[in-house]
Each structure stands twice: as structure tokens, then as C-alpha cells.
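Below: the structure, in C-alpha cells.
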Amino acid sequence: MGNDNLLWRFEPHTLAKHKILKKYIEAWAPILGSSTIIGRIVYIDGFAGPGEDITHKHYGSPLIAIESLINHKKFSDIHSEIIMVFIEKRKDRKEHLESIIKQKFPSLPNNLKYTVIEGDFNSVMRDILNNLKNNNKRLAPTFCFVDPFGWSDINLDLLAEFMEQDKAELLITFMAGFMKRSIDIPEHYDTLKTILTDEEIEEAKLKHSNNRTNFIAQRFLLKLKNKISKKIYDISFETRDKNNNVLYYLIYLTSHIAGMKAMKEAMYYTSHNGEFYFSDFDFDPHQTTLINYGLS
């Protein structure tokens with residue numbers, strides 16, 4: 001695949017997603033990194049992208065993650081080593097991302113290190129988990145952002161295995177809106193069946209519009225949580241397009257109440273009137289900030 005679609009435009013809902021990510025990392029890193037007993041914390045971006053949008057005005061999630069840390073007012077209180085792993089399948093996007101990071105951050109603090117890996121997220125994560133298991137080790141506290149373009153790259157078993165780690169947290173972009181439209185297209189059934197059973201596909205067909213989307217997301221979340229043996233907290237954030245139809249859900253999972261509280265605040269901060277959704281439909285491009293209803 002060539003450079004013709006190397007970059008794309010970030011829509012308002014994408015910027016809202018990035019805002020949630022930024023607010024959460026700003027809370028997550030100091031909570032864990034200021035501990036004297038935690039030597040390392042890890043951030044994994046599973047579908048890292050090229051690092052910027054086509055307008056060159058907005059950075060992608062890897063640069064947002066780095067910037068949210070090094071500009072943090074409490075960064076000097078973080079004693080832990082911070083490892084950032086950016087995974088991108090396409091060679092051209094991986095190389096563009098590396099270039100943008102080096103350009104934006106020619107030098108970084110000694111305790112913050114990153115690596116950009118060209119590869120498939122599921123394969124890379126499988127290698128990480130297998131290596132830990134083979135060496136009888138546990139994963140360092142890790143926050144993983146899984147942000148695919150579709151749903152076929154989501155591996156429920158792998159995500160559940162990751163969540164079995166002691167201090168693992170997941171933020172997943174689940175493209176339920178795209179799945180909703182594919183329910184009526186038989187050619188998509190093979191990929192739909194990675195998430196839904198035949199019976200669930202038929203049940204989804206009977207539902208309309210956003211009710212169908214919500215049903216698909218609920219089934220996905222239930223299946224994922226049922227594969228995890230420990231107690232899991234979850235919270236979701238809904239994004240909608242210019243026609244106010246649901247595009248996807250940001251689904252967060254953790255086994256720690258402090259993480260749940262931090263993500264809830266990040267989602268509330270970005271939401272529409274505190275209702276945990278963002279819509280391009282009523283987005284005002286003339287606002288001085290993306291969307292900021294604040295916290296009371």
C-alpha cells in the first residue's frame with residue numbers, strides 16, 4: 001500500500017477521543033509512576049498510525065501520549081521508568097511516525113523511552129505475553145490503547161489474556177457503528193463471527209439504528225469480561241457522526257478502582273453535558289477548545 005492514503009483528516013470525534021486519552025494518561029502516569037516500589041510503567045499503542053493528520057495541525061495518539069507526560073506539571077515526581085511502545089503495521093506509516101517523533105521531540109527525559117515497532121498488534125502482543133509466560137514473569141503496570149480502523153483485528157482471547165495481568169488496563173475503540181451496517185451484508189459474516197454468533201447476528205438484524213449498535217457493543221463487552229477470571233470495572237464513551245448516528249464506543253477496562261475513577265473523569269471532561277458521548281452533529285467548530293464543559 002503506497003503513500004496515497006498515508007495521512008487522513010481527524011474529525012472532531014477523533015480529537016475528542018484523543019482528548020480522553022490525554023486526560024487519562026495525565027492522571028495514570030503520576031498515580032503509578034510516583035510510587036517508589038514500581039520501577040517501570042508501560043504504555044502500548046496498538047494501532048499507532050502515522051503520527052499526524054493530513055492537515056499537519058493535529059498529532060496522533062503516540063505524540064499526544066509523549067507530550068501529555070513531558071509537559072505534565074508533576075512529571076518530576078515520576079520516579080518510574082516509562083516505556084512507550086508504538087505498534088504500526090504499515091511500513092510507510094511506521095516510518096512517518098518515527099520521523100515526526102524525532103522532529104517534535106529531539107530529546108526526551110532520561111526516564112522516558114519509546115520504541116516504534118512495525119508489525120501486527122495481535123502478533124506483537126502475543127509475543128510479549130508468551131515471553132512473560134515462558135520466563136515466569138509478570139507484566140509491569142501497563143495501559144494499552146487498542147484503536148483499530150475496523151473490528152476484524154480485535155482478538156477477544158488475546159485481550160482477555162492481557163487483562164489477566166495484575167495491573168493491566170485497556171482502552172478499546174470498538175467500531176460498533178461499522179458493524180451495524182455490515183450486519184446486512186453476507187460478505188462480511190466471516191469477520192462479524194469473530195465477535196458475534198450466528199444467533200446474535202440474526203438478533204441484531206431485528207434491531208434498528210442505534211439500538212442495533214448498542215446491542216453489538218453490549219455483546220462484545222459481555223463476552224470479553226466473561227473471558228477474564230478476575231473482577232473487572234468498565235466504562236464506555238459513545239461517539240457519533242455528523243448525522244448523530246453512533247460510530248464507535250471507547251470501552252475502558254481495569255481491575256483497579258483508581259483507574260476507573262481517573263477514566264470516568266477524563267470521559268466526563270470531554271463529554272456532552274456530562275452524558276458520556278460526543279457528537280460531530282452538535283460540535284461547534286468556533287469553540288476555542290475542542291469541547292470543555294469542565295468539572296464541577
Q. What closest approach, in Å, do Tyr59 and Ile64 show between heavy atoms, and which atom pair accounts for it?
A. O-CD1, 3.4 Å
Q. What residues, two or more places apart in sequence or in another chain, satisfy salt bridge (Lys or Arg N to Asp or Glu O under 4.0 Å) together with Asp120?
A. none
**Q.** Residues in ring pair (Phe, Tyr, Trp, His ring centres under 6.0 Å) contact with Phe47, at least two apart in sequence or another chain
**A.** Phe121
Q: Return each pair, listed once, that meets salt bridge (charged side-chain N to carboxylate O under 4.0 Å, His left out) where at least one residue sits in residues 121-134; pairs must be two or more places apart or across chains.
A: Arg126-Glu161
Q | Partner set under ring pair (Phe, Tyr, Trp, His ring centres under 6.0 Å) for His18, not counting sequence neighbours | A | Phe10
Q: Applying side chain to side chain donor-acceptor pair (under 3.5 Å), run through His256 and Tyr233 and close with a yes or a no.
A: CA-CA 7 Å; His256 299 276; Tyr233 302 99; over 6 Å; no
**Q.** side-chain contact (heavy atoms from CB on, under 4.5 Å) involving Thr191 - partner list, sequence neighbours excluded
**A.** Trp151, Ser152, His188
Q | Listed partners of Phe105 passing ring pair (Phe, Tyr, Trp, His ring centres under 6.0 Å), at least two apart | A | none
Q: Return the set of residues passing side-chain contact (heavy atoms from CB on, under 4.5 Å) with Ser35 (not counting sequence neighbours), or none when no residue passes.
A: Ile37, Ile38
Q) Among all residues two or more places apart in sequence or in another chain, which pass the salt bridge (Lys or Arg N to Asp or Glu O under 4.0 Å) test with Lys94? A) Glu98
Q) Among all residues two or more places apart in sequence or in another chain, which pass the side-chain contact (heavy atoms from CB on, under 4.5 Å) test with Lys113? A) Glu81, Ile83
**Q.** Donor-acceptor side-chain pairing of Asn131 and Asn135 below 3.5 angstrom
**A.** yes
**Q.** ring pair (Phe, Tyr, Trp, His ring centres under 6.0 Å) involving Phe143 - partner list, sequence neighbours excluded
**A.** Tyr24, Trp28, Tyr43
**Q.** Residue pairs passing the salt bridge (charged side-chain N to carboxylate O under 4.0 Å, His left out) test where at least one lies in residues 44-69, sequence neighbours excluded
**A.** Glu67-Lys104
Q.
Taking the basic N atoms (NZ, or NE/NH1/NH2) and the acidic carboxylate oxygens, is any pair closer than 4.0 Å for Asp166 and Arg138?
A. yes
Q: Identify the heavy atoms of Met163 and Ile228 that sit nearest to each other, and give their distance.
A: CB-CD1, 3.6 Å
Q. Is there a donor-acceptor contact under 3.5 Å linking the side chains of Gln165 and Thr142?
A. no
Q. Do you know the tightest heavy-atom contact between Leu69 and Met84?
A. CD1-CE, 3.3 Å
Q.
Testing the basics here: between Val246 and Asn210, what is the closest heavy-atom pair and its distance to 0.1 Å?
A. N-OD1, 3.1 Å
Q. With a 6.0 Å cut-off on ring centres, are Phe220 and Phe174 close enough?
A. yes
Q.
Give me the atom names and distance for the closest heavy-atom approach of Arg93 to Phe149.
A. NH1-CE1, 3.7 Å
(Q) Under 4.0 Å between a side-chain nitrogen and a carboxylate oxygen: does that hold for Lys223 and Glu200? (A) yes
Q.
Tell me the closest heavy-atom pair linking Phe276 and Ser271, and the distance in Å.
A. N-CB, 3.3 Å
Q) Charged N to carboxylate O under 4.0 angstrom, Lys17 versus Asp147? A) yes
Q. What residues, two or more places apart in sequence or in another chain, satisfy salt bridge (Lys or Arg N to Asp or Glu O under 4.0 Å) together with Lys22?
A. Glu26
Q. What's the spacing between Phe278 CZ and Lys19 NZ if we round to 0.5 Å?
A. 9.0 Å
